[in-house]
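Atom set for the values below is all heavy atoms of this structure, side chains included, hydrogens, waters and symmetry mates excluded. In each ligand, atom 1 is the first atom listed, and ligand 1 is the first ligand listed. Computed from a prediction, not measured in an experiment: that's the story for all the values here.
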Amino acid sequence: PSCRRSIVRRAGWTAALVVLAAMAWGAGAAGVGAAPRPGVPETLRVGTDATYPPMEFMEGDEFRGFDMDLIREIGKRLGAKVVIQNVGWDGLIPGLNNRNYDVVISAMTILPERQEAVDFSDPYFNAGQIIVVRKGDTRVKGPNDLKGKVVAVQINTTGQFASEKIAGVTRIDKYDTTPLAVQAVMQRSADAAVIDLPVAVELVKEYPGQIEFVGKPFTEEYYGIAVRKGRPELLKAINEVLQEIKRDGTYDKIYARWIGR
Ligand code: ARG
C-alpha cells in the first residue's frame, strides 16, 4: 500500500508539472500574439538611414515611411518588438556586421558586391535611378547628357555607381545624404543629381518650382532587407512574412500610403 501511494503521489506531481509547463508555453506564445519562430529575436533591432523620404525619414523623433511601416509589420508578424536606430548610410552594413542591429531596411538595392558582405531578403520594391535637374534646365534629357557635367550623388549608393559608368562626366560630388545632393543642384554647385525614383518624386514635391526629374529611370533595381550572414532562420522567417504581407493586401496598403499609384 505504501508503494502504491508513492506511485499515486509521483503521478500527481508529474501531472502538475505538465500542466505548469503547458501554461508557461501557452502564456509565452499567446503573450506576443504569435508562435515564437526559431532564430527570431524577441526584439528586432533595425538600422536605417532616415534621410530618405518617402522610404525612411524622421518626423520629430518618429521614424516614418514605407520601409518603417513594412518592417514594423514584419516585426509584428514575427512576434518581435521592433526598435529602430538612425545610422548614417555608409555605416549601415558595417554596423549590421558589428551586431549593432539585426537587420537593415533602408531602400537598399540588392547588389552582388553587397551580397558578399550580407544576405538579402527577397526583393520587396522595384526602383531605379533618375536624373534630377533645376526646373527648366533643358540641357539634360538623359544619362548621356551628363557628359561634361557635375553630378551630385549620395556616397556609395547606386546613384554613384550608375554615374561612374557614364563616360565623360566632369566630376561626381559625393554627399552624405540624398537631400544634400539635391540641394547642391538647387544651389548650382552641381548640374544634376542621380538618385532613386521614389525619392526624386518626393523631393520634387518638397521643393516645388525648384527641381524636376527628367525622363525615365535608367537602371532596374530591387530593394532588399539585409541580414547578417549566418542567420538563415531569421532570413527565412522574414521572407515568409513578407510573402504573407504581399499576399493579403497589406503591402498594397503601405504602397498606397507612401507611394500612391
Ligand atoms: N537604393 C540606393 C542604394 O542602395 C540608395 C539607397 C539610399 N538609402 C538611404 N536610406 N539613404 O544604393
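- Atom numbering of ligand 1 starts at 1 in the shown order; those under 4.0 Å from a heavy atom of Q154 are 7 (C), 11 (N).
- Protein heavy atom closest to atom 6 (C) of ligand 1, with residue, atom name and distance, is A107 O, 3.2 Å.
- Look at K205 and E202 and you find a salt bridge, because one of the NZ, NE, NH1 or NH2 atoms lies within 4.0 Å of a carboxylate O, short of that distance.
- Per-residue contacts place Y223 under 4.0 angstrom from the following atoms of ligand 1 (heavy atoms of the residue considered): 1 (N).
- Just one of F57, W258, Y251 meets the ring-ring contact (aromatic ring centres under 6.0 Å, His included) condition when paired with F66; it is Y251.
- Looking only at heavy atoms of the protein, atom 10 (N) of ligand 1 is closest to S106 OG, 2.8 Å.
- Residue contact check: D196 has heavy atoms under 4.0 Å from atoms 1 (N), 2 (C), 5 (C) of ligand 1.
- Side-chain atoms of Q129 and D196 form a donor-acceptor pair, as typed in the model, at a separation below 3.5 Å.
- Between the CG atom in N144 and the CZ atom in F218 there is a gap of 9.5 Å [rounded to 0.5 Å].
- At the top of the distance list for atom 11 (N) of ligand 1, counting protein heavy atoms only, stands D49 OD2, 2.7 Å.
- The NZ atom of K76 sits 15.0 Å away from the CG atom of L44 when rounded to the nearest 0.5 Å.
- Atom NZ of residue K135 and atom CD1 of residue I211 lie 10.0 Å apart, to the nearest 0.5 angstrom.
- Look at F161 and you'll find every heavy atom at least 4.0 Å from all atoms of ligand 1.
- Assignment of M55 to the shell around ligand 1 is not supported, since no heavy atom sits closer than 4.0 Å.
- Salt-bridge formation is detected for the pair D248/R77: a Lys NZ or Arg NE/NH1/NH2 atom is positioned less than 4.0 Å from an Asp or Glu carboxylate oxygen.
- Interface of R114 with ligand 1, defined as ligand atoms under 4.0 Å from a residue heavy atom, comprises 3 (C), 4 (O), 12 (O).
- Side-chain contact check for Q183 and Y207: at least one donor-acceptor pair (N or O, by modelled atom type) lies under 3.5 Å.
- Given atom 5 (C) of ligand 1, the protein heavy atom at minimum distance is Y52 OH, 3.4 Å.
- The salt bridge (charged side-chain N to carboxylate O under 4.0 Å, His left out) with D191 is formed by just one residue from the set R139, K149, K147; it is R139.
- The protein heavy-atom contact nearest to atom 2 (C) of ligand 1 is T158 OG1, 3.2 Å.
- Remark: ligand 1 atoms within the under-4.0 Å shell around heavy atoms of M108 are 4 (O).
- The shortest N/O to N/O separation between T109 and ligand 1 falls below 3.5 Å.
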